[in-house]
Asks: 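Below is the structure I would like to discuss, written out as structure tokens.
Keep in mind that this is a model prediction, so the values were computed, not measured. Throughout, numbering of the chain's residues begins at 1 and tracks the sequence.
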Amino acid sequence: EQQLRARIGKLYVLSEISDEPPTRSFLDGIQALRQELQQAHRRADDLFGLRLASLNRSLQKAALAPIERLSRQAFELNYQAGPKPSGMYELFYGGQLSQE
């Protein structure tokens with residue numbers, strides 16, 4: 001996750017410092033990162049799905065508290081002071097940013 005975040009940040013910085021339109025290699029890099037991000041989401045879903053359920057059953061047998069998945073809402077409440085999404089959000093998720 002940290003490596004993906006660093007690479008996304010690097011692409012963002014490179015896009016911001018250039019006055020020229022993005023090159024083909026830059027756009028290819030965005031596509032490659034988009035695919036890696038999707039793979040990371042699938043791995044996380046796997047870890048937080050069946051594997052977490054299995055781990056929690058083992059914890060319950062040992063009379064230990066289960067590990068709970070943090071909801072997106074709880075995460076955002078904990079990290080409200082973080083940076084706001086930039087135009088890179090649209091590149092990676094295809095969504096539109098709200099105009100604040």
Side-chain angles (χ1 to χ4, degrees):
E1 182 235 347
Q2 287 179 330
Q3 290 175 352
L4 278 174
R5 191 180 311 175
R7 290 174 55 205
I8 290 168
K10 182 179 177 181
L11 276 176
Y12 173 75
V13 168
L14 290 173
S15 70
E16 287 296 309
I17 62 173
S18 176
D19 292 333
E20 300 296 321
T23 63
R24 170 57 37 204
S25 65
F26 180 82
L27 295 174
D28 291 344
I30 288 175
Q31 182 60 30
L33 274 176
R34 181 182 291 134
Q35 291 171 353
E36 287 183 51
L37 187 58
Q38 289 170 347
Q39 289 174 351
H41 279 242
R42 285 192 294 274
R43 283 193 306 266
D45 287 342
D46 179 47
L47 287 173
F48 291 120
L50 296 175
R51 290 185 187 192
L52 182 60
S54 175
L55 176 60
N56 280 336
R57 284 191 297 276
S58 297
L59 291 171
Q60 185 179 24
K61 288 177 187 175
L64 297 171
I67 298 172
E68 295 183 17
R69 186 174 182 173
L70 187 64
S71 71
R72 183 172 186 92
Q73 182 181 16
F75 175 83
E76 288 174 353
L77 285 173
N78 288 330
Y79 296 95
Q80 284 181 352
K84 300 256 187 240
S86 68
M88 292 297 284
Y89 180 89
E90 293 178 34
L91 290 173
F92 286 102
Y93 294 102
Q96 295 294 320
L97 294 175
S98 62
Q99 301 296 321
E100 297 180 355

Asks: Does atom CD (Q35) have a neighbourhood of more than 12 heavy atoms from anything else shown, all under 6.0 Å?
Replies: yes
Asks: Would you compute the distance between atom CD1 of I30 and atom CD1 of I8 and round it to the nearest 0.5 angstrom?
Replies: 10.0 Å
Asks: Sequence neighbours left out, what passes salt bridge (Lys or Arg N to Asp or Glu O under 4.0 Å) with R69? Give chain and number order.
Replies: D45
Asks: For residues L70 and F48: do they belong to one hydrophobic cluster (side chain heavy atoms under 4.5 Å, members Ile, Leu, Val, Met, Phe, Trp, Tyr)?
Replies: no
Asks: Quick one: which residue pairs count as a side chain to side chain donor-acceptor pair (under 3.5 Å) with a foot in residues 20-30, not counting sequence neighbours?
Replies: T23-S25, R24-D28
Asks: Nearest 0.5 Å please: distance from the CG atom of L52 over to the CG atom of N56.
Replies: 4.5 Å
Asks: Does L37 reach the side chain of H41, with side-chain heavy atoms less than 4.5 Å apart?
Replies: yes
Asks: Identify each donor-acceptor pair in which a side-chain atom of residues 59-68 lies under 3.5 Å from a protein atom, sequence neighbours left out, and give them as a table.
Replies:
none

Asks: Give the cluster check for L47 versus L55: same hydrophobic cluster or not, with ILVMFWY residues linked at side-chain heavy-atom distances below 4.5 Å.
Replies: no
